[in-house]
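Only one structure is covered here, and it is reproduced in the block below.
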Amino acid sequence: MQEERVIRSDKIYEGKVVTLRCDTVEMEGQRFARREIIEHSGSVAILALDEEGKIIFVNQYRLAANDFLLELPAGLIDRGESPIDAAKRELKEETGYEAQELNFLFEFYTSPGFTNERIHLFCAEGLTPGDQDLDETENISLVSLSLEEAMKKIRLGAILDAKTILGILSLWGRKNQGGNHDK
């Protein structure tokens with residue numbers, strides 16, 4: 001196998017959140033292909049656990065899905081901001097909570113076939129409640145579920161967001177291996 005070599009790149013759109021480009025690449029054997037790529041600065045997601053071990057979710061309408069989705073708190077990494085600072089900020093903005101402990105779990109690509117977006121997943125514990133600080137365009141309500149309730153919602157198709165499913169499954173895996181959130 002050989003890496004694809006970009007021989008031409010055309011920027012199609014540059015927005016606040018994403019840039020779309022169309023690349024012409026040379027593949028092995030002098031074959032050529034076009035790749036539509038969405039450039040993204042990266043995101044964070046937070047698996048926030050309250051004092052009872054319940055997971056804090058945000059419930060919000062997502063136009064692309066044309067539905068209300070239960071999700072882990074999450075958001076963009078601002079230019080010059082570290083992932084952990086973005087996680088602290090997003091947790092406070094979306095939920096009002098501040099965490100005594102914020103531990104990095106892992107990072108992953110959302111859909112590497114067409115975007116370079118990587119999400120950095122953190123686990124937040126020792127939560128102190130406070131007031132949400134939502135952007136004027138956000139309309140978010142909070143929902144707390146036990147791990148068992150969250151797993152049931154995944155099985156029933158009531159949780160469909162990939163970052164949220166990954167966060168829940170990682171917690172389920174650690175609980176079932178006798179771990180305590182990789183402390």
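Owing to the predicted nature of the structure, the values given are computational and were not obtained by experimental measurement.
- Inter-residue side-chain proximity for V18 and T115 is flagged as unmet; no heavy-atom pair is nearer than 4.5 Å.
- With hydrogens and angles disregarded, no donor-acceptor distance shorter than 3.5 Å links the side chain of D23 to the backbone of S9.
- Evaluated for a side-chain contact (heavy atoms from CB on, under 4.5 Å) with I46, the options L102, V58, L72 yield exactly one hit, L102.
- For the atom pair CD of E148 and CD1 of I168, the computed distance is 11.5 Å after rounding to the nearest 0.5 Å.
- The closest side-chain heavy-atom distance from F122 to I84 is below 4.5 Å.
- Checked by atom type and distance alone, the side chain of S43 never pairs as donor or acceptor with a backbone atom of L76 at under 3.5 Å.
- When hydrophobic clusters are built by joining Ile, Leu, Val, Met, Phe, Trp and Tyr residues whose side-chain heavy atoms come closer than 4.5 Å, directly or via intermediates, L169 is grouped together with L47.
- Considering R5, R31, R8, Q2 in turn, R5 is the only one that fulfils the side-chain hydrogen bond (donor to acceptor under 3.5 Å, both in side chains) rule with E26.
- In terms of heavy atoms, F57 sits closest to T164 at CE2-CG2, 3.6 Å.
- Summarising the geometry of M27 relative to A33, their closest heavy-atom pair is SD-CB, 3.7 Å, with the distance given to 0.1 Å.
- In this structure the side chain of I12 never reaches within 4.5 angstrom of the side chain of T19, judged on heavy atoms.
- Remark: side-chain polar atoms of D135 are not paired, donor with acceptor, to backbone N or O of T137 under 3.5 angstrom.
- Taken to the nearest 0.5 Å, the CD atom of Q132 stands 7.0 Å off from the OG1 atom of T95.
- Considering every non-hydrogen atom in both A74 and A45, the closest pair reads CB-CA, 3.9 Å.
- L142 and L69 fall into different hydrophobic clusters, where Ile, Leu, Val, Met, Phe, Trp and Tyr are joined by side-chain heavy atoms under 4.5 Å apart, directly or via other members.
- Annotation for D131: atom CG does not count as buried by contact number, only 12 or fewer foreign heavy atoms lying within 6.0 Å.
- Between E36 and R21, none of the side-chain N atoms (NZ, or NE/NH1/NH2) sits under 4.0 Å from a carboxylate O, so this pair counts as no salt bridge.
- Between F32 and I7, the closest side-chain pair of non-hydrogen atoms falls below 4.5 Å.
- No donor-acceptor pair closer than 3.5 Å links the side chain of D85 to the backbone N or O of E81.
- Put simply, L70 and W172 are part of the same group of oily side chains (I, L, V, M, F, W, Y) that touch within less than 4.5 Å, one to the next.
- In terms of hydrophobic clustering, with Ile, Leu, Val, Met, Phe, Trp and Tyr side chains grouped at heavy-atom distances under 4.5 Å, I55 and V143 are assigned to a common cluster.
- Side-chain heavy atoms closer than 4.5 Å link hydrophobic residues (I, L, V, M, F, W, Y) into clusters, and following such links, possibly through other members, connects Y97 to F104.
- Summarising the geometry, atom CG belonging to L20 is positioned 9.0 Å from atom CD belonging to E39; distances are rounded to the nearest 0.5 Å.
- Annotation: side chain of L147 is in contact with side chain of K175 (closest heavy-atom distance under 4.5 Å).
- For the residue pair S170 and L121, the shortest heavy atom distance occurs at OG-CD2, 4.2 Å.
- Going from atom CD1 of I140 over to atom CD of E93 covers 9.0 Å, rounded to the nearest 0.5 Å.
- Heavy atoms of other residues, nucleotides or ligands lying less than 6.0 angstrom from NZ of K163 number more than 12.
- Atom CD of residue E149 and atom OG of residue S144 lie 9.5 Å apart, to the nearest 0.5 angstrom.
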Legend entry - V6 and T24: CA distance, side-chain angles, deciding distance, side chain to side chain contact (heavy atoms under 4.5 Å, CB included) verdict: CA-CA 6 Å; V6 177; T24 302; over 6 Å; no

Legend entry - Verdict with supporting geometry, I159 and I165, side chain to side chain contact (heavy atoms under 4.5 Å, CB included): CA-CA 7 Å; I159 294 180; I165 292 170; 4.0 Å; yes

Legend entry - Pair T110-H40, side chain to side chain contact (heavy atoms under 4.5 Å, CB included): steps then yes or no: CA-CA 11 Å; T110 58; H40 192 283; over 6 Å; no

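- Judged by distance alone, with hydrogens and angles left aside, the side-chain atoms of E90 form no donor-acceptor pair with the main-chain N or O of A87 at under 3.5 Å.
- Ion pairing between D78 and R89 holds under the 4.0 Å rule for side-chain N and carboxylate O.
- Taking the side chain as every heavy atom from C-beta outward, L171 and L49 approach each other to under 4.5 Å.
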Inset, instruction - Please report the C-alpha distance between T128 and E98 in whole Å, then the side-chain angles of each, then the deciding distance to 0.1 Å, and finally whether the side-chain hydrogen bond (donor to acceptor under 3.5 Å, both in side chains) criterion is met. - result: CA-CA 5 Å; T128 303; E98 293 185 56; over 6 Å; no

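- A distance of 14.0 Å separates SG of C22 from NZ of K11, quoted to the nearest 0.5 Å.
- Contact annotation: the side chain of E51 never approaches that of E125 to less than 4.5 Å [non-hydrogen atoms, C-beta and beyond].
- N66 places a side-chain heavy atom less than 4.5 Å from the side chain of Y61.
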